[in-house]
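Presented below is the structure to which this report refers.
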Protein chains: 4
Amino acid sequence: MVGERGARKRRANGEESRRRILDAAVEVAGERGYEGTTINLVSARCGLPASSIYWHFKDKDELIAAVIERSFGAWLDAMTLPDADDAADPAVRARRRALGMAARVAKSLSDSPDFLRLGLMLALERRPEEPTARTMFLQVRKVAQDRLSAAIAELAPDLDPAAVRRVSHYALAAADGLFIAHEIGGDDVDLPGLFELHAHALIDTVDRLRDHADA
Amino acid sequence: MVGERGARKRRANGEESRRRILDAAVEVAGERGYEGTTINLVSARCGLPASSIYWHFKDKDELIAAVIERSFGAWLDAMTLPDADDAADPAVRARRRALGMAARVAKSLSDSPDFLRLGLMLALERRPEEPTARTMFLQVRKVAQDRLSAAIAELAPDLDPAAVRRVSHYALAAADGLFIAHEIGGDDVDLPGLFELHAHALIDTVDRLRDHADA
Amino acid sequence: MVGERGARKRRANGEESRRRILDAAVEVAGERGYEGTTINLVSARCGLPASSIYWHFKDKDELIAAVIERSFGAWLDAMTLPDADDAADPAVRARRRALGMAARVAKSLSDSPDFLRLGLMLALERRPEEPTARTMFLQVRKVAQDRLSAAIAELAPDLDPAAVRRVSHYALAAADGLFIAHEIGGDDVDLPGLFELHAHALIDTVDRLRDHADA
Amino acid sequence: MVGERGARKRRANGEESRRRILDAAVEVAGERGYEGTTINLVSARCGLPASSIYWHFKDKDELIAAVIERSFGAWLDAMTLPDADDAADPAVRARRRALGMAARVAKSLSDSPDFLRLGLMLALERRPEEPTARTMFLQVRKVAQDRLSAAIAELAPDLDPAAVRRVSHYALAAADGLFIAHEIGGDDVDLPGLFELHAHALIDTVDRLRDHADA
DNA sequence: AATGAATGAGGATTCATTCAT
DNA sequence: AATGAATGAATCCTCATTCAT
């Protein structure tokens, strides 16, 4: 069987070539951003000639969009783990959940997922013709936002939707910021600690907003 | 009169050329980031030939560093306004101060200052040879960080220095995130509202940390 | 019935693929000339993958030669229609014939036959290695030239062969020119009118040459 | 003085470089047409690096347009020679003039002026986005057309303007055709003889049209 | 009869930078 | 203080063609 795989392998395996290209592109794009990612670099990194890259992807823009999509998908999978909890009080459970999620996010962001670094770089650009890759990131980010909204609604079932949206905006934005801080400061930055702070801050915020509404 | 005009305006003026170049570079770099900023584009935008840019700046890297420095300086000036407050209770005064500062930051970031957009883009990059411009941004960011630490220390004079540092890290990072959210969402994002949320969250956090320490 | 459809239509049909390729190639070559005609463009236009084109044609050169050949064949068929005429006087008949032919050519050239446009483009090129397609056009053009000589010989049976050749050269060349004028000017150019002028000019010319010879 | 020129020459002479580029481009474009003219070829032929060509011309299209413009200018200068004639009878003089002009055109076209070969190639193309070079040729051709109209009006002062226009269209188109015939056939084609035929044919045509009008 | 995948060469154009003036 | 001209290296991307299946 091994022999067979070896024999069949070389020459024309589209699926695998595509993957190799994406792997290389992720690396390069993570290192140097959109403009800094040159097809030649990707080609050198993946071993396929530049022209082959164009067989698999229409152009650089589409390649990078695919990079973001794949990287986000992987991150989301890693993020979506079962969340066993046996606390009786639902409020307590929700709080624990929030803290658990924060810890999980902190951990996953410590690996500096490429879609996020790349995506934020793209998000900060304002070029005349919006690259597909940027659109892809914004799309992907909306998915994350929705998940977060759901989690907050669960944390505070009695909060009105507008407030939920506001808090989830805040929560996501701050998470971006913490990620960047970690990118800048490296491991000097205690990402788990900061995310714990963040989780508590959010819990406080939700409480405050609920009290406001009650009053 | 003709003589006067000649004297006043046309005398090839280094200072003004430099300014024109920086103005153009700010625009372009804000639109397209570090790699996307080409000397030719800057030249076209400011009307001076590319070679003239090299008379004023050693190379592209130095030009962009200058852009960041100048933009940050302007922002800091705008930020550092007198902060009259006549409240008797220092705790109340500190709280007001925090909220006022948050409002001021929110307002200033709404104009999407170029140093911050550019700087964050640079911060997210990880290229082999660190550009001067990135270093400049990190420097400049440290200044902002110090100011913030001072403000938080004032808000909570009894907090231990490590906690102050941690909170100020969190505060600055989240502010970056909010800025990015505004960059992405445009004016749909209620920056003042989010910064108010942020200020309250920080106040809560400081209180929480203080109680912890007391206990 | 299903079986019938399958049998009638889908049986991968070489003849039809060839035709589709040629159809696409005619279009593209008509638009962009020899160098501008890329296999990829033809492939996109005909729906077959580029590699399939190489199954039917040795290389690009041969493909374009085939285009010219087929287009000229079709044109010649359309040109060679019965030419009923019952005039008694052979001279009168010949004149009518000449005018009729001119009208027919004018009409056929108004549809801008691709072989001619493409062929003239190729004829104007002077590249080191003569493409097969050019040779094909020159061959095809010789056929047209011979037909024209025959017609002129009929118009003026007493004209010496050298003069016939000269006039037919002139006639063909001018026809090319009129075609080009129509290509340039579109339907603003009254091709039938110009060809009528041309026919009369030829008749006059033939007469003049005959008189010369007589004198 | 000679020494001074020599000393000043080398390094950075924009005017001369531009001329060298145009010279090379004329050669190449004459050989291979629009698409066949590559910047690299031009660069190799003129000795300047490809990037220098872009200092002098915005892009390939503009370069070729410039080639056409210059080549036509030169041709027109060569064409516009004094035309001394002392015949008494104006009709005789006009006829002589026509024949003289035909001879001159024949001779000039024997050198296969580049603007005409290139221009005709471009004229035959029909690409979606019209190249500047094609527009330039059509412009330049209009100038030639106007000159020709004037000459014909002089040859037949009593001919109505519409007829003059028609004849001049015919005359120019046929001239294009004769030029192409010469391009195809090389020196086997007796261009002066054909142009003489053409001139006579035009004179006959003008006469015929005048008689028609009289009748 | 056809095609998915690959590929080296070359396409136009732009880059940051330099240098003589 | 400024600039016209030049340049080698790099950019993205397309080309004609091949080959295993």
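This structure is a prediction, so every number in the text was calculated from the model and none was measured. Chain naming here is simple, since letters A, B, ... match the order of the sequence lines and numbering starts at 1 in each.
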Spacing of D/E16 atom CD relative to F/dA6 atom C1', expressed in whole Å: 14 Å

Can you find a pair of side-chain heavy atoms, one from B/F115 and one from B/V26, that are under 4.5 Å apart? no

Would you say B/D61 and B/R134 make side-chain contact, with heavy atoms under 4.5 Å? no

Under-4.0 Å side-chain N/O to phosphate OP1/OP2 contact, D/S51 with F/dA9: no

Gap separating the CG atom of D/N13 from the CZ atom of D/R20, nearest 0.5 angstrom: 9.5 Å

Thinking salt bridges, do C/R70 and C/D114 make one under a 4.0 Å N-O criterion? no

Within-4.5 Å side-chain heavy-atom neighbours: D/I21 and D/V42: yes

A/I53 CD1 to F/dT11 C1', in whole Å, measures 14 Å

Separation of F/dA2 atom C1' from B/I21 atom CD1, nearest Å, is 10 Å

Within residues 29-50 of chain C, find the residues that approach DNA chain E with a heavy atom at under 4.0 Å, and present them sorted by residue number. C/L48, C/P49

When rounded to whole Å, the CD1 to C1' distance for the pair D/I64 and E/dA12 reads 12 Å

Take the protein atom NE2 of B/H56 and the nucleotide atom P of E/dA16, then report the distance between them rounded to whole Å. 18 Å

Interatomic distance where CG belongs to A/D59 and P belongs to E/dG11 [whole Å]: 22 Å

Checking the side chain of B/S71 only, and the main-chain atoms of B/V67 only, is there a donor and an acceptor separated by less than 3.5 Å? no

Are side-chain heavy atoms of D/T37 and D/E35 found at a separation under 4.5 Å? no

In whole angstroms, the gap separating P of F/dA5 from CD of D/E15 amounts to 8 Å

Any side-chain N or O of A/S52 less than 4.0 Å from the OP1 or OP2 oxygen of E/dT7? yes

Take A/K60 and B/Y54, find for each the nucleotide of DNA chain F with the closest heavy atom, and name the residue whose nucleotide sits nearer the 5' end. B/Y54

Out of curiosity, A/I64 CD1 to A/L122 CG, how far, rounded to the nearest 0.5 Å? 7.0 Å

Dot-bracket, 5' to 3', for DNA chain F please: Watson-Crick or G-U pairs under 3.5 Å, [ ] where pairs cross earlier ones, | where the partner sits on another strand, dots elsewhere. .||||||||||||||||||||

Would you kindly give the CG-to-P distance between C/L63 and F/dT17, to the nearest whole Å? 10 Å

Out of E/dT17, F/dG4, F/dC15, which nucleotide sits closest to the side chain of D/W55? F/dG4

Just list the side-chain donor-acceptor pairs under 3.5 Å for residues 44-58 of chain D, sequence neighbours left out, or say none.
from  : atom 1 : to    : atom 2 : distance (Å)
D/R45 : NE     : D/E27 : OE1    : 3.0
D/R45 : NH2    : D/E31 : OE1    : 3.3
D/R45 : NH2    : D/E31 : OE2    : 2.9

